[in-house]
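FYI, the numbering just counts along the sequence from 1.
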Amino acid sequence: MNLNEVQATLTDMEDSMLGGLAAIDVFSKTSGMSVAGRRSSPRACALFNILVDRIGDTIKKSGLPVPESIQQTLLRLGDDGQVMIVVVDLTDKYRMGMALDCSRAQLGIVVSVVLPDAIPRMRAALR
């Protein structure tokens with residue numbers, strides 16, 4: 001793992017989100033423990049990990065025609081939908097979870113620019 005490249009990618013992501021990134025962590029799928037992050041939350045990492053696993057299991061049991069593995073999970077929270085949780089499977093060992101302030105982060109940029117740039121960089125750094 002190239003931790004310097006992981007940290008550099010996190011910095012670039014934060015800069016690209018115009019103050020809308022509340023928190024971000026790269027964490028282990030097995031333990032839920034963070035290996036790198038900004039405004040890290042160990043509890044959030046563990047909960048994001050459980051949440052994504054349960055969503056994946058539920059989708060598989062439902063019989064919906066979706067891919068076997070879920071690469072990205074996006075959830076909008078709150079009555080006004082101003083918080084978004086994004087969890088991305090990076091490798092077989094790691095996930096990235098982030099909390100966004102939707103009133104500040106431009107979701108089109110996050111989904112179309114930031115994530116497509118950051119995900120390959122993170123995957124390469126985690127090998």
Side-chain angles (χ1 to χ4, degrees):
M1 173 189 312
N2 183 340
L3 197 51
N4 288 332
E5 181 59 25
V6 170
Q7 293 287 7
T9 304
L10 292 175
T11 298
D12 290 346
M13 291 176 73
E14 183 171 31
D15 292 346
S16 299
M17 291 192 222
L18 308 170
L21 181 64
I24 187 168
D25 279 282
V26 175
F27 54 90
S28 166
K29 286 183 179 182
T30 55
S31 69
M33 302 243 345
S34 177
V35 297
R38 299 284 186 276
R39 293 171 295 286
S40 295
S41 171
R43 181 175 283 177
C45 292
L47 292 173
F48 288 173
N49 211 29
I50 291 167
L51 179 67
V52 170
D53 285 342
R54 289 192 178 164
I55 288 171
D57 290 345
T58 301
I59 289 172
K60 286 177 192 172
K61 289 176 185 175
S62 73
L64 291 172
V66 295
E68 185 68 24
S69 67
I70 304 299
Q71 298 293 321
Q72 296 181 26
T73 303
L74 289 85
L75 301 169
R76 285 194 83 156
L77 305 174
D79 291 338
D80 55 0
Q82 289 302 309
V83 175
M84 179 174 274
I85 304 300
V86 179
V87 182
V88 179
D89 276 350
L90 295 170
T91 69
D92 58 335
K93 295 181 182 179
Y94 298 101
R95 286 185 173 127
M96 176 174 58
M98 60 185 123
L100 303 175
D101 176 350
C102 296
S103 68
R104 299 179 77 180
Q106 296 181 12
L107 298 182
I109 291 174
V110 172
V111 173
S112 301
V113 178
V114 176
L115 289 176
D117 176 62
I119 291 170
R121 289 177 59 194
M122 282 290 191
R123 287 180 175 152
L126 292 168
R127 290 199 173 109

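Neither Tyr94 nor Met33 shares a network with the other; the hydrophobic side chains, linked directly or stepwise wherever heavy atoms of I, L, V, M, F, W or Y lie under 4.5 Å apart, form separate groups for each. Cluster membership for Val35 and Leu47, using ILVMFWY side-chain heavy atoms within less than 4.5 angstrom, is not shared. The cluster map of Ile, Leu, Val, Met, Phe, Trp and Tyr, joined by side-chain heavy atoms under 4.5 Å apart, puts Val86 and Ile50 in different clusters. Linking Ile, Leu, Val, Met, Phe, Trp and Tyr whenever their side-chain heavy atoms come within less than 4.5 Å puts Leu3 and Met96 in one cluster. Under the 4.5 Å side-chain heavy-atom criterion for ILVMFWY residues, a single connected hydrophobic cluster contains both Met17 and Val111.
Taking the side chain as every heavy atom from C-beta outward, Val114 and Ile109 approach each other to under 4.5 Å. Side-chain contact between Leu100 and Val110: present, with at least one pair of heavy atoms (C-beta onward) separated by less than 4.5 Å.
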Note to self: Run Asp53 and Arg95 through side-chain contact (heavy atoms from CB on, under 4.5 Å) and show every step you take.
What the structure shows: CA-CA 11 Å; Asp53 285 342; Arg95 286 185 173 127; 2.8 Å; yes
Next item on the list: Would you check, one step at a time, whether the test side-chain contact (heavy atoms from CB on, under 4.5 Å) holds for Met98 with Leu115?
Entry: CA-CA 11 Å; Met98 60 185 123; Leu115 289 176; 3.3 Å; yes
Checklist line | Working for side-chain contact (heavy atoms from CB on, under 4.5 Å), residues Leu107 and Cys102 | finding: CA-CA 7 Å; Leu107 298 182; Cys102 296; 4.1 Å; yes
Note to self: Go through it in stages, so that I can follow the logic: the residues are Phe27 and Phe48, the test is side-chain contact (heavy atoms from CB on, under 4.5 Å), and I'd like the CA-CA distance, side-chain angles, deciding distance and then a yes or no.
What the structure shows: CA-CA 10 Å; Phe27 54 90; Phe48 288 173; 3.9 Å; yes
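Looking at Glu5, its side chain never comes within 3.5 Å of a backbone N or O of Ala125 through a donor-acceptor pair. Distance alone, capped at 3.5 Å, places no donor-acceptor pair between the Arg127 side chain and the Met122 backbone.
For Arg38 and Thr11, the side-chain atoms include at least one donor-acceptor pair closer than 3.5 Å.
Salt bridge status for Arg39 with Glu14: present, with a side-chain N to carboxylate O gap under 4.0 Å. Using a cut-off of 4.0 Å between Lys/Arg side-chain N and Asp/Glu carboxylate O, Arg121 and Asp117 are scored as salt-bridged.
The two residues Ser16 and Asp12 have their closest heavy-atom pair at OG-O, 2.9 Å. The shortest heavy-atom contact between Pro116 and Ser112 is CG-O, 3.4 Å. Shortest non-hydrogen contact noted between Ser34 and Ala36 is OG-O, 3.2 Å. Of all heavy-atom pairs spanning Ile59 and Ser62, the tightest one is O-OG, 2.6 Å. Here the closest heavy-atom approach between residue Ala99 and residue Ile85 is recorded as CB-CD1, 4.0 Å. Counting all heavy atoms, side chain and backbone alike, Leu90 lies closest to Leu126 at CD1-CD1, 3.7 Å.
Shown here are the salt bridge (charged side-chain N to carboxylate O under 4.0 Å, His left out) partners of Lys93, two or more places apart in sequence or in another chain: there are none.
Residue pairs meeting the salt bridge (charged side-chain N to carboxylate O under 4.0 Å, His left out) criterion with at least one partner in residues 17-29, sequence neighbours excluded, are Lys29-Asp89.
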